Structure formats: structure tokens, C-alpha cells
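Structure first, then comments.
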Amino acid sequence: MTGRPRPALDVLPAYRPGRSAEQVAAEQGLAEAVKLASNELPFAPLPSVAGAIAAGIERVHLYADTRATSLRRDIAEHHGVDEDCVTVSNGSVTILQQLALSYVDAGEKIAMCWPSFEAYPLFAMLVDAEQTRIPLVDERFDLDALARSIDESTKLAFVTNPNNPTGTCVPTTAIRSLLEHVPSTCPVVLDEAYAEFVTDPSVEDSAPLLDDFANLVITRTFSKAHGLAGLRVGYALAHPEVVETLDKTYVPFAVNELAQRAASASLDATDEMHERVAIVVAERDRVARALRDRGWPVPDAQGNFVWLPVPDRATTVGEALERVGVVARAFGGVGVRITIGDRPMNDRLLAAFDTIEA
Ligand code: PMP
């Protein structure tokens, strides 16, 4: 007898991380491969951030400030919100899990547009919730349909802007109108993991919406634009009561001292962060254009990745890329998501596409 796991876990698949370059190189008998599968930034930490991490090493025998008070203050200042409107966790994915644990009981509903971030269904299954999945229309979220689907038993709704894996955006006006239609009993989670990469002018700063909608929860991360994926820091901006609720499901000390220092240092280096983001954005637009020129149906790309909606060929395109040492993320029957790397990585990607018929 090995104990009695909750039956909900019987159907819970494991989260599938992107495959590593080493793994694929070994499988394909190649000297090396490049990984464009996990929407990471292709740059090492900024010197000031690396310095902050190094300075923190002296203190790793001690527990960190579990509330990450100073980091919360820096985030609040960065977004122009009150300090009690900020919570942090070890990655925004953990905040999403905390939201499910905090608001949803077994048999209640979680609404989302689909396809979207794979963690949402996992957390729905974890709490034994029912999923309402609204299909995308032309690779875009249908927020009207999402709003119509929400009823008394819907305890959480996810809106991903821009969406992963499609990279498409919804305008801020559409989010406002969704919030006007959703009952305040249902928190609306606006997952902005890739917000810094957005260039579509219809997407505005969403923080001011917090003044009008107490059920809005904006999640952000240091993993993407800030390039700190390995350190695991994410945060939420929300009404103080929501913050208090989320803090109840926060695992003590989840955000370690090195992570707190690195995140604060990265907020201090916002200009440099934006310079790096601009490089990625320019490369994203170049890659998207080059793929469209080759005949691929790439939708508007607003994150640090491009999307190929090729449901019938997703697996074969993923395999063809791997044969020449490019590791993308193929979602069988849905499409292929490719992270934007540095220029040499992207050139290699485009060369790989020269070997694949659109
Ligand atoms: N939201 C979206 C849409 C994502 O794509 C990801 C990461 N792939 C996350 C949240 C979680 O990121 P992290 O936990 O590293 O903050």
C-alpha cells in the first residue's frame, strides 16, 4: 500500500516542459541543437542583476523575508499601484495554481479560451473543477463567448494576453467590456506573462482597470522579458482582499532571497530590459515575415514566439525541425510554437524551414 492519492490525480497528466537541446542533439546524432521551445530570453542576466544575485549568496544560510516585502514594494512602484495590491510567488504559474486552490471547489467551473496555456487545465484537474473551453476564432480569443459562458458556478476565468501558444492579443477595450459582463463573484485572471513584448497599440496598461474591477487579477512574470526563468519569480496585481486570499495558499519562503534580489535589480534596470525586449521584438517580426514569405500561415505574433497553426502537420513539422537540430514546441493536432532566439539561432531556424515545404 502506497497511500491513497486523490482520485482527481488519476487523470492528471504531467506538465510537459520543452525538450532540451542536449536531449534532441543526442537523439538525432547531432553535435549540438538549439532550443526554441520554452519561450525563454536568449540572453544571460544583465550585469547589475548578476551582481545582485552574487551579493545574495552570502545570505543563503538564512531564510529570506517570506513576504518579499521589499520586492512587493518595488513591483507596486513599478506599476503605480498600492503595496497591498501586490503578491508574489515562485513563478506566475504558482500564482495560477494558488488561484485555483483559493477559489475553486470540486465540481465548480473554470472558464478559458482554448488552445491556451497548458497549466490552466492541469490546475482545473488538480482541484477537480469542470472546464469551460471556448474555441479560438481565427487564432484569437472570443471574449464575448467567454463572457456568455460564465455563470454562477464559474469561479475563475483565464484571459491570456498575448495568448500562449498563438501569440495573438485582445484589445484592452475588449477586456474592459468582458469585465463589465462577468459577475463580480468570478475572478478574471489576466495572464500577462508576455506583456512586455506587445507592440499592438490596442493593448494598453491594464493596471488602471484594477480601480474599476475588484475581481480582476493581473499576473506577470520575471521569467520572460526579464530573463529570469530559472530563478522563478512571478507576481499578481489585484484587490487587497484577493492578495490576502492568495497569500493564504502561498508556500512559506517560496520566493528565495536570490530571486527577490534579482527581481528587484531587474526592475531597477527597466531601460536595459526594454532594450533587450526590442531586440527580440525586431527578430520576432523578421522571423514572422520570413515564414509568411515561405507560405506559412503565421498569425499576428505579440509574444517572444511565433505560432504555426498547422494541426495536421504539427508533429511532422516538429520532427523535421528536430532532425536539423532545432527544438520547437509541437502540440500534436494543434500547431507548432517557436520561441524567438538571438539572431544566429533564428537564422538557423529559417534555414531549417528551407528544408520543409509549407
Ligand atoms: N502564463 C503563460 C501564458 C505562460 O506561457 C507561462 C510560462 N510558459 C506562465 C504563465 C508561467 O511562467 P512562470 O511560472 O515562469 O512565471
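Indexing begins at 1, ligand by ligand and atom by atom, following the structure's order. In this text, all values refer to a predicted model and were calculated from it rather than measured experimentally.
Every heavy atom of G234 sits 4.0 Å or more from the atoms of ligand 1. Using a 4.0 angstrom heavy-atom cutoff, N39 does not count as in contact with ligand 1. Under the 4.0 angstrom criterion for non-hydrogen atoms, Y194 is in contact with ligand 1.
Not a single N or O atom of A193, backbone or side chain, sits closer than 3.5 Å to an N or O atom of ligand 1. Considering backbone and side-chain atoms together, T221 places an N or O closer than 3.5 Å to an N or O of ligand 1. Taking any N or O of S92, backbone or side chain, at least one lies under 3.5 Å from an N or O belonging to ligand 1.
Of the protein's heavy atoms, F117 CZ, 3.4 Å lies nearest to atom 6 (C) of ligand 1.
Within the 3.5 Å criterion, the main-chain N or O of V298 finds a donor-acceptor partner in the side chain of R292. Remark: side-chain polar atoms of N161 are paired, donor with acceptor, to backbone N or O of V170 under 3.5 angstrom. Side chain of Q260 to main chain of D65: a donor-acceptor pair is present (N/O by atom type, distance under 3.5 Å, no hydrogens or angles).
Of the listed options I95, D191, V189, D191 places a heavy atom closest to atom 1 (N) of ligand 1. Around atom 14 (O) of ligand 1, the closest heavy atom drawn from H226, R220, R232 belongs to R232.
Counting heavy-atom neighbours within 6.0 Å of E58 CD, excluding the residue itself, gives a total of 12 or less.
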Set out, in order, the CA-CA distance, both residues' side-chain angles and the distance that settles ring-ring contact (aromatic ring centres under 6.0 Å, His included) for F117 and F158, then state yes or no.
CA-CA 10 Å; F117 184 34; F158 289 111; 9.0 Å; no
Check the pair T339 / N39 against side chain to side chain donor-acceptor pair (under 3.5 Å), numbers first and verdict last.
CA-CA 5 Å; T339 303; N39 294 347; 2.7 Å; yes
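The contact set between ligand 1 and K224, taken as ligand atoms under 4.0 Å from a residue heavy atom, comprises 7 (C), 8 (N). Remark: ligand 1 atoms within the under-4.0 Å shell around heavy atoms of G91 are 14 (O), 16 (O). Listed by atom number, the atoms of ligand 1 under 4.0 Å from N164 heavy atoms are 3 (C), 4 (C), 5 (O).
A distance below 6.0 Å separates the ring centres of Y235 and H79.
Of all the heavy atoms of S223, the ones lying under 4.0 Å from any atom of ligand 1 belong exclusively to the side chain. Within the 4.0 Å heavy-atom criterion, the part of T160 lying near ligand 1 is the side chain and not the backbone.
Among E322, E40, E118, the one residue that satisfies the salt bridge (Lys or Arg N to Asp or Glu O under 4.0 Å) test with R329 is E118.
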What side-chain donor-acceptor pairs closer than 3.5 Å can you find for residues 135-147, not counting sequence neighbours?
residue: E139; atom: OE1; partner: W307; partner atom: NE1; Å: 2.9
residue: R140; atom: NH1; partner: C169; partner atom: O; Å: 3.4
residue: D142; atom: OD1; partner: D144; partner atom: N; Å: 3.4
residue: D142; atom: OD1; partner: A145; partner atom: N; Å: 3.1

